[in-house]
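First the proteins, then the strands, lettered A, B, ... as listed; each starts at 1.
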Protein chains: 2
Amino acid sequence: MEYKFRLRRSFPFSATEKDTEWDGFTPSEVELLDRKTIRRKYAPGDFIFHQDDTPSGIFCIEGGYVLLSRMDASGNETTFGIFGPNETIGHRSFFASDLHVATARAITHCFSYLIPTDTVRQLFELNLELAWWFLRTVASDRGPLDGLLLRGSKVSARVRFIHMLLVLRDRFAQTDANGHLVFELPLSRVEIANMLGVTPETITRTLRELQDENLAIIHGRTVIVPRPDLLERASEPNVSF
Amino acid sequence: MEYKFRLRRSFPFSATEKDTEWDGFTPSEVELLDRKTIRRKYAPGDFIFHQDDTPSGIFCIEGGYVLLSRMDASGNETTFGIFGPNETIGHRSFFASDLHVATARAITHCFSYLIPTDTVRQLFELNLELAWWFLRTVASDRGPLDGLLLRGSKVSARVRFIHMLLVLRDRFAQTDANGHLVFELPLSRVEIANMLGVTPETITRTLRELQDENLAIIHGRTVIVPRPDLLERASEPNVSF
DNA sequence: CGTACCGTTGAGGTGAGTCAAAGTAAGTGG
DNA sequence: CCACTTACTTTGACTCACCTCAACGGTACG
């Protein structure tokens, strides 16, 4: 039997995942998932859900990248995170029985599964261990917390940006033949600015500053870091060069 | 039989709580809790746990108030929240199998229960619904998230302070005979500043500004708000007076 | 009556915001 | 393949909210 849900590292509903505590689904549960989940396709800029919507279930991203952000009354957009393949979004609001706090917007072509509310409920009834797994997931999400720590006014835009690079390294950077870190960021200047809580102009200026100091080479959305080791030092707020 | 754990609204381990999904403890489980929890007394300034400590269990505050904050390498302290009676602290790190991200410090005389790691584990084995309850608790904690939203550089210290008042209203404010809101804040200027991500001097100046505009009357840690309705309007970042 | 902590006040500096304009890249249609 | 539109990015000049540093006043406590 062929399931839509195959082996996927850290995919919470994977029936065959061996690396997590979470491989206890029975065939009937997997069948339920397969039958009820809704697969959707999104183009860049498409919304997956909006802030203040009532959650209609939990989304699992199959491919592509999604930004979670919130816009306040004055039009300031704050981005909390970028999520990619095999990550779930929308679960926090779901479990808090809350309206969506954030808007999810695809920034690349994107596929996601929606596990509808009723199906999630049924799964929890069938298998209470699911709560334990999600408890770990939600508790481990330090996104907003780390963001908060970086927003002290004493933390410069420069340090925030470098910190962002460190966080995104695993997903968007590769090491080339010369040992340089090459980032292919899927984010516009505006989106970066919203992640760091500054303006796009500040991003431009910060990038030029880093370039002038030979800490990075910038080409559009490509950022090349010749000396990755210096990055870590530069992310210490009080280290001067 | 008399238990240490009595009826307490929203106390997660309450055996008799009827308002939540969480009243399913059996007598033997309650007995386990009673036997294993450790009650401790703290004076103002005492630490309950330190950042980067290994969690030794979950703490429930019986009485008094506790600040959760983190200090970075340059000595900046960021406070995420203030917690009081019947609230649990330390659970996020616990469930994430992480070191404590924050330091918990008593700001008043304070009693708390520590439910040790082993006891929590036993309780989860006895009663998996506990995971479901904590999932709701952790998911509902919007503390760091709300904090993050207030740290956009476009949000002034003034708006942040007013927002803090609104958040603390339920706990620390009473309405007097004239319909004025009277806050008795248990926080020093420095502690307020750390909550808002500004300096203590800015707090002083902001308070004087509010006083000059007759929006508040300040006496030490007492803040009287003559027109509570104006507060809500003033917390909208883009409303001008 | 010092010591310590907290809070206030002032003067001066600065990082980042704002506004406006020009430059660049990417896609569309003829 | 080129003109045209649209969105994104950069740059510069100016402004300002908040930080920094330093001094001083108040209150509690041994």
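As a whole-Å value, the separation of Arg221(A) CZ from dT24(C) C1' is 13 Å. At whole-Å resolution of the value, NZ in Lys154(A) and C1' in dA17(D) are 15 Å apart. Taking atom CD of residue Glu209(A) and atom C1' of nucleotide dT14(C), one finds them 13 Å apart after rounding to whole Å. Between the P atom of dC8(D) and the CG atom of Leu207(A) lies a distance of 17 Å, rounded to the nearest Å. Atom-to-atom, CZ of Arg208(A) to C1' of dG15(C) comes out at 15 Å; the value is rounded to the nearest Å. Atom CD1 of Ile203(A) and atom C1' of dG17(C) are 13 Å apart (whole Å). His219(B) has its NE2 atom 16 Å from the P atom of dG7(C), to the nearest Å. For Ile107(A) and dA7(D), the CD1 to P distance is 19 Å, given to the nearest whole Å.
Between the two ends of the helix from dC1(C)-dG30(D) to dG30(C)-dC1(D), each summarised by a five-pair axis, the helix axis turns through 40° (rounded to 10 degrees).
Closest heavy-atom contact between Asp52(A) and Leu99(A): O-CD1, 3.7 Å. In this structure, Met195(A) and Leu187(A) approach most closely via the heavy-atom pair SD-CD1, 3.9 Å. When all heavy atoms of Pro85(A) and Gly63(A) are compared, the pair lying nearest together is CG-CA, 4.2 Å. In terms of heavy atoms, Glu77(A) sits closest to Asn194(A) at O-OD1, 3.1 Å. Considering all non-hydrogen atoms of both residues, Pro226(B) and Leu215(B) come closest at CD-O, 3.3 Å. Between Ile61(A) and Gly84(A) the shortest heavy-atom distance is CB-O, 3.4 Å.
Between Phe172(B) and Tyr65(B), the ring centre distance stays below 6.0 Å.
Residues of residues 192-202 of chain B that place a heavy atom closer than 4.0 Å to DNA chain D, in numerical order, are Gly197(B), Val198(B), Thr199(B), Glu201(B), Thr202(B).
Just one residue in the list Tyr113(B), Phe111(B), Phe83(B), Phe49(B) forms a ring pair (Phe, Tyr, Trp, His ring centres under 6.0 Å) with Phe59(B), and that residue is Phe49(B).
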Inset, instruction - Take Glu184(A) and Gln174(A) through the side chain to side chain contact (heavy atoms under 4.5 Å, CB included) test and state the conclusion after the steps. - result: CA-CA 9 Å; Glu184(A) 294 288 348; Gln174(A) 294 191 327; over 6 Å; no

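Under 3.5 Å, the side chain of Arg205(B) and the base of dG10(C) form at least one donor-acceptor pair of N or O atoms.
With respect to the salt-bridge test (charged N to carboxylate O, under 4.0 angstrom), the residues Arg105(B) and Glu191(B) qualify.
At a threshold of 4.0 angstrom between heavy atoms, the contacts of Arg160(B) with the nucleic acid are absent.
In the set dC6(C), dT9(C), dT10(D), dC6(C) carries the atom at the smallest distance from any side-chain atom of Ser188(B).
Proximity of a side-chain donor or acceptor of Arg158(A) to a complementary backbone N or O of Glu209(A) within less than 3.5 Å is not detected.
Using modelled atom types and a 3.5 Å distance limit, the side chains of Glu62(A) and Ser112(A) yield no donor-acceptor pair.
Here Arg189(A) does not reach the OP1 or OP2 of dA7(D): none of its side-chain N or O atoms lies under 4.0 Å away.
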Can you name the atoms? Protein N/O to nucleotides 24-30 of chain D N/O, anything below 3.5 Å, with the distance.
none

